Amino acid sequence: MRRFAILSLLALVPFVSAVSSQAYTWKNVKIGGGGGFVPGIVFNPSQKGLAYARADIGGAYKLNSDDSWTPLLDFANDTIWDYWGVDALATDPIDPNRLYLATGMYTNSWDPSNGHILISTDQGKTFTPSALPFKVGGNMPGRGMGERLAIDPNSNNILFFGARSGNGLWKSTNFGATWTQVSSLPSTGTYVPDPTDTTGLNSDKIGISWVTFDSTSSSSGKATPRIFVGVANQGSDNIFMSNDAGTSWTALQGTNTSWIPHKGVLSPAEKSLYISTSDGAGPYDGTLGGVYKYNITSGAMINITPVSGSDLYFGFGGVAVDLQKPGTVMVAALNSWWPDGQIFRSLDGGNTWSALWAWESYPTLNRNYAYDDSLAPWIGPDETASDITMQIGWMMESLVIDPFDSNHWLYGTGETIYGGHDLLKWDTTHNVTLKSLADGIEETSIQGLISPPVGPPLLSSVGDVGGFVHTDLTKAPTTEFTNPTWSSSSDLDFAGNTPTMIVRIGTGDSSEGKQVALSYDSGNTWSQDYGAADNIEGGKVALSANGDTVLWLSANGGVLVSQYTSSFTAVPTLPSTATAIASDKKNDSVFYGAAGSGFYLSTDGAKTFSVTKGGLGSSTSPVKIVVHPNITGDVWVSTDKGLFHSTNMGSSFTAIPGVSEAWAIALGAPAEAGGYPSIFAAASIGGVGYFRSDDTGATWVQINDATHGFGSASANVLTADPRIYGRVYIGTNGRGIFYGDKA
Ligand SMILES: *[C@@H]1O[C@H](CO)[C@@H](O)[C@H](O)[C@H]1NC(C)=O
Ligand SMILES: *[C@@H]1O[C@H](CO)[C@@H](O)[C@H](O)[C@H]1NC(C)=O
Ligand SMILES: *[C@@H]1O[C@H](CO)[C@@H](O)[C@H](O)[C@H]1NC(C)=O
Ligand SMILES: *[C@@H]1O[C@H](CO)[C@@H](O)[C@H](O)[C@H]1NC(C)=O
Ligand SMILES: *[C@@H]1O[C@H](CO)[C@@H](O)[C@H](O)[C@H]1NC(C)=O
Ligand SMILES: *[C@@H]1O[C@H](CO)[C@@H](O)[C@H](O)[C@H]1NC(C)=O
C-alpha cells in the first residue's frame with residue numbers, strides 16, 4: 001500500500017501531459033570547408049577508401065568515395081554532449097568494420113563527465129559506449145598529438161589508450177569493452193602547457209600522446225610485442241618502446257627531449273618509425289622542433305629534420321608515409337605563421353626534402369601548388385590574392401596519404417581539410433592541387449542567428465570565422481563577413497521596421513579595432529560603427545525598430561547604447577548582471593532587458609531602464625528575450641526556471657506550464673495566416689529537447705529525435721523563419737547550423 005501511496009504522490013506533482021513528437025527533416029545549413037580544427041585523420045590500411053576524421057568540438061566523420069564526409073555523432077544530445085570532443089580514433093586493420101572513438105570534451109571542471117570509448121562494429125553507423133574511469137579531453141591542448149588510441153594489428157581484440165591527466169596507459173583485451181591500467185610504463189607524462197592557468201585547461205597534464213604498434217614484430221593472431229609510446233614530457237625521456245607487448249619498456253634515446261613527440265608513424269617496409277617533435281603540445285604553438293627516424297633493426301635514431309638554422313622557426317606536426325612507396329614520407333610544420341604553413345616531402349626516407357613553397361626572393365614566393373577552394377569559396381584567400389597570406393594552413397597535426405592511392409592525400413588545419421588527388425605531381429612537375437576537401441564537415445561554433453522577414457533567410461555570427469549571409473542554405477557562402485573582418489562574431493540583430501538594417505558585434509583582438517558594424521543591405525556590405533570604443537567587444541546586441549539605436553550588452557565594457565552612430569555611453573540603469581537584451585520590433589524607443597528575476601523596460605531608446613512589476617519568478621539567469629514581430633510589448637523570456645510570457649511590456653508575466661528550464665527560444669511564422677507566431681524552444685519540457693508550440697505555449701511538440709541531439713542545449717542558439725511555417729534554425733557549438741522543416 002505504501003508503495004502505491006508514493007506513486008500517487010508522484011502523479012500529483014504538476015507535470016505536463018506527455019509531449020507528442022513531430023517528425024522533422026534536419027539538414028546542415030551548408031557553410032562548407034569544415035570551419036574549424038581537424039586534429040586527426042586516419043585511413044584504414046586494409047579497406048580501400050575507408051577513412052575517418054575527428055574534430056575537437058564537432059564529433060567525427062567518415063569519408064565518402066566522392067570526397068565528401070558523413071557525420072557520425074549527430075545523436076549526441078544534451079546528456080552526452082561531450083561525445084563531440086573526440087580526442088582519438090582508431091580504425092581496425094583486421095576488421096575494417098570496427099571503429100573506436102575516445103570521447104570527452106575537457107579534463108577540467110568544464111566537463112563534469114568521465115570519458116568514453118565509443119565502439120562501432122559497423123563503421124560508425126551505431127556505437128556502444130564503454131565508460132572510462134577518467135576524463136578525456138577532445139578540446140584540450142595537445143589534441144592534435146596522436147593517435148593516443150591504437151588497435152593491435154595482429155590481434156585486434158587488444159587496444160591501448162594513452163590517457164591525459166597523469167592517468168597513464170590503458171589496455172583492453174576485449175575489443176574496448178573493459179580497460180585496465182598498464183602500470184609498467186615508467187612515465188605518465190608531466191608536461192603542462194601553462195601551470196599558472198587556474199581554469200585547468202592549460203595546467204592539466206597532456207599525458208600519453210600516441211601509441212604505435214610495430215605490425216612487423218608479430219604475425220596474425222599473435223599479440224604484437226613491439227609497441228612505441230610517445231609521452232608529453234619535456235626534458236626527460238618521452239619515447240618508449242616495449243618488445244614484450246607492454247610488460248616492460250625502454251626509453252629511446254637520440255631525440256631532443258626538450259621537444260615533445262607529436263606523432264610516431266610506422267613505415268613497415270622500412271622497419272622504421274618516423275617521429276615529429278615540437279617544443280609545445282600544440283595546437284597553436286611551436287617555435288622549434290625536429291623530425292627523427294628510428295631504425296628498428298639497428299636501433300639508430302637519425303635526425304632527418306628538413307630545415308635548420310634560421311629556417312627552423314616552427315615545430316613539426318603531421319607525418320605521413322606512403323605505404324605503396326616505402327621511403328616516401330611527408331611532414332608538416334605544425335605552425336609556420338608567416339609567410340604560410342609549410343609541408344615537406346622526401347622520396348628517400350628523409351635524407352633529402354622538397355617543400356610546398358620556397359622564397360624566390362623576398363617578397364616573391366614560389367607556391368608549388370594550384371589552390372582550389374571551390375567547395376568552400378569563403379575559405380580563401382584565393383591564389384589571385386596579391387598579398388602573402390595563409391593559404392596552406394596552420395595547426396597542421398594530421399597529414400595522411402591514402403594507403404591504396406599514392407596520389408590521394410589529406411591534411412587537417414585549424415580551419416579545414418586540404419588535400420588532393422595528384423600528389424605524385426609533386427615528384428614530377430613539383431606542382432600539386434591543394435583543395436579544400438572538407439565537404440560535409442560542419443564544425444563551426446555558432447554564436448548568433450537571425451532570420452529577417454525580408455532578404456536572405458539567414459545570417460549567422462560564428463566563432464573563429466566571423467559569420468555569413470546564407471543566401472542559399474544548400475550552398476557554401478562565397479565570402480564571410482568582411483570589411484570589417486573579425487576573427488569571431490558574437491551576435492547580430494535586425495531592425496523590426498526596416499529589416500534590411502543589421503548590426504553585428506565582433507570578438508577579436510585589439511588589432512581588429514572597433515567591434516560594431518552596421519549594414520543597410522541585409523549584410524552584403526558593412527560600415528564600421530565609429531561610435532564604438534576600441535577594445536570593447538563581444539556580448540549581445542539589439543537594434544531598435546527603426547535601426548537608429550544600438551543597445552550593446554558587451555563582454556568587457558558593460559551595457560552601452562548609441563544612437564545615430566554617436567559614441568556609445570553607459571546604461572547604468574540596466575544592471576551589469578543583465579544576461580539578455582532585446583529591442584521592440586515596432587516601437588523605436590522600446591528596449592527590454594533581464595537580470596536575475598528582474599525584467600527591465602526602456603521607453604526612451606535605452607537611455608534609461610526601470611524594473612517592471614512583473615518578475616521572472618525565481619529565475620536566476622535569463623537566457624533570451626524574443627519579441628512579437630508586430631505587437632509592441634509582447635515578449636517571451638527563457639530562464640533557468642522556465643519560459644515566461646508578457647503581453648504588456650513586462651507589467652505582468654505568465655509562466656508557461658510544464659517548461660521547467662529554457663535556453664534558446666524563437667518566434668516563427670504562424671501555423672495559419674494571421675495567427676500568433678509559432679514558438680520554438682530548446683527547453684526541458686518533461687525532458688530536454690527542442691519543441692514547437694502553435695498555441696502560445698499551451699501545448700508543445702518535440703521536433704528533435706534520437707538521431708539529432710544537437711549537443712549541449714544551453715550552448716545552442718535558435719532562430720525561426722518568419723516566412724516558412726515550421727522552419728527553425730539551430731546553431732550548435734561545434735556542428736554548425738541545422739535547419740529543420742516538418743517532414
Ligand atoms: C634542443 O632543444 C632546445 C630547446 O628548444 C634547443 O635550445 C636546443 O638547441 C636543441 N638542441 C639541439 C641539438 O637541437
Ligand atoms: C636500418 O639499419 C640497418 C642496419 O644498419 C640497415 O641495413 C637498414 O638499411 C636501415 N634501414 C633504413 C630504412 O635505413
Ligand atoms: C603551380 O601551378 C599553379 C596553377 O597553375 C600556378 O599558379 C603556380 O604558379 C605554379 N607554381 C609554380 C611554382 O610554378
Ligand atoms: C512607443 O512607445 C512609447 C513608450 O511607451 C510611447 O510613448 C510612444 O507613443 C510609442 N510610439 C509609437 C509610435 O507607438
Ligand atoms: C506581421 O505583419 C506583417 C505585415 O502585416 C504580416 O505579413 C505578418 O504575417 C505578421 N506576422 C505575424 C506573426 O503576425
Ligand atoms: C540522450 O541520448 C541518450 C543515449 O541515446 C539517452 O539515453 C538519453 O535519454 C538522451 N537524453 C535526452 C535528454 O534526450
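Order of listing sets the numbers, starting from 1, for every ligand and every atom in it. The figures here come from the full heavy-atom set of this structure, side chains too, leaving out hydrogens, waters and symmetry mates. Keep in mind it's a predicted model, so treat the numbers as computed, not measured.
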Query raised in the report: Quick one: which ligand 6 atoms are inside 4.0 Å of a heavy atom on Asn77?
Result: 1 (C), 2 (O), 3 (C), 8 (C), 10 (C), 11 (N), 12 (C), 14 (O)
**Report entry** His645 vs Ile656 side-chain heavy atoms within contact, under 4.5 Å
**Finding:** yes
Report task. Within a distance under 4.0 Å of any heavy atom of Val688, pick out the atoms of ligand 6 and give their elements. Result -> 13 (C)
Query raised in the report: Atoms of ligand 3 less than 4.0 Å from Asn368 heavy atoms?
Result: 13 (C)
Query raised in the report: Ring centroid separation for His116 and Phe127, is it under 6.0 angstrom?
Result: no
Query raised in the report: Which residue holds the protein heavy atom closest to atom 6 (C) of ligand 4, what is that atom called, and what is the gap in Å?
Result: Asn587 ND2, 4.1 Å
Query raised in the report: atom 5 (O) of ligand 4: which protein heavy atom is closest, and how many Å away?
Result: Thr603 CG2, 3.9 Å
**Report entry** Aromatic ring proximity, centroids under 6.0 angstrom, Trp426 and Tyr369
**Finding:** no
Query raised in the report: Just heavy atoms, cut-off under 4.0 Å: does Arg367 contact ligand 3 by side chain, backbone, both, or neither?
Result: backbone
Query raised in the report: Does Tyr411 have its ring centroid less than 6.0 Å away from the ring centroid of Trp409?
Result: yes
Query - atom 13 (C) of ligand 6 [closest protein heavy-atom partner, distance rounded to 0.1 Å] - result: Thr79 OG1, 3.4 Å
**Report entry** Verify atom 2 (O) of ligand 6: protein non-hydrogen atom under 4.0 angstrom away
**Finding:** yes
Requested in this report: Answer yes or no on whether Arg735 is positioned over the face of Phe710, meaning its NZ or CZ is under 6.0 Å from the six-membered ring centre and within 45° of the axis.
Outcome: no
Query raised in the report: Ser589 and Thr603: side-chain hydrogen bond (donor to acceptor under 3.5 Å, both in side chains), yes or no, with the steps?
Result: CA-CA 5 Å; Ser589 310; Thr603 55; over 6 Å; no
Query raised in the report: Would a line drawn from the ring center of Trp338 to the ring center of Trp359 be shorter than 6.0 Å?
Result: yes
Report task. Step through the shown structure and confirm whether more than 12 heavy atoms of other residues, nucleotides or ligands are within 6.0 Å of NZ on Lys586. Result -> yes
Query raised in the report: Does atom 8 (C) of ligand 4 have a protein non-hydrogen atom under 4.0 Å from it?
Result: yes
Query raised in the report: Under the 4.0 Å line, does any protein heavy atom show up next to atom 11 (N) of ligand 6?
Result: yes
**Report entry** Nitrogen or oxygen atoms of Asn431 and ligand 3 under 3.5 Å apart
**Finding:** yes
Report task. Could you list the atoms of ligand 4 found under 4.0 angstrom from a heavy atom of Val590? Result -> 2 (O)
Query raised in the report: In the protein, what heavy atom is nearest to atom 4 (C) of ligand 6, and what distance, to one decimal place, separates them?
Result: Ile80 CD1, 4.0 Å
Query raised in the report: Are Arg345 and Asp427 close enough for a salt bridge, meaning some N to O gap below 4.0 Å?
Result: yes
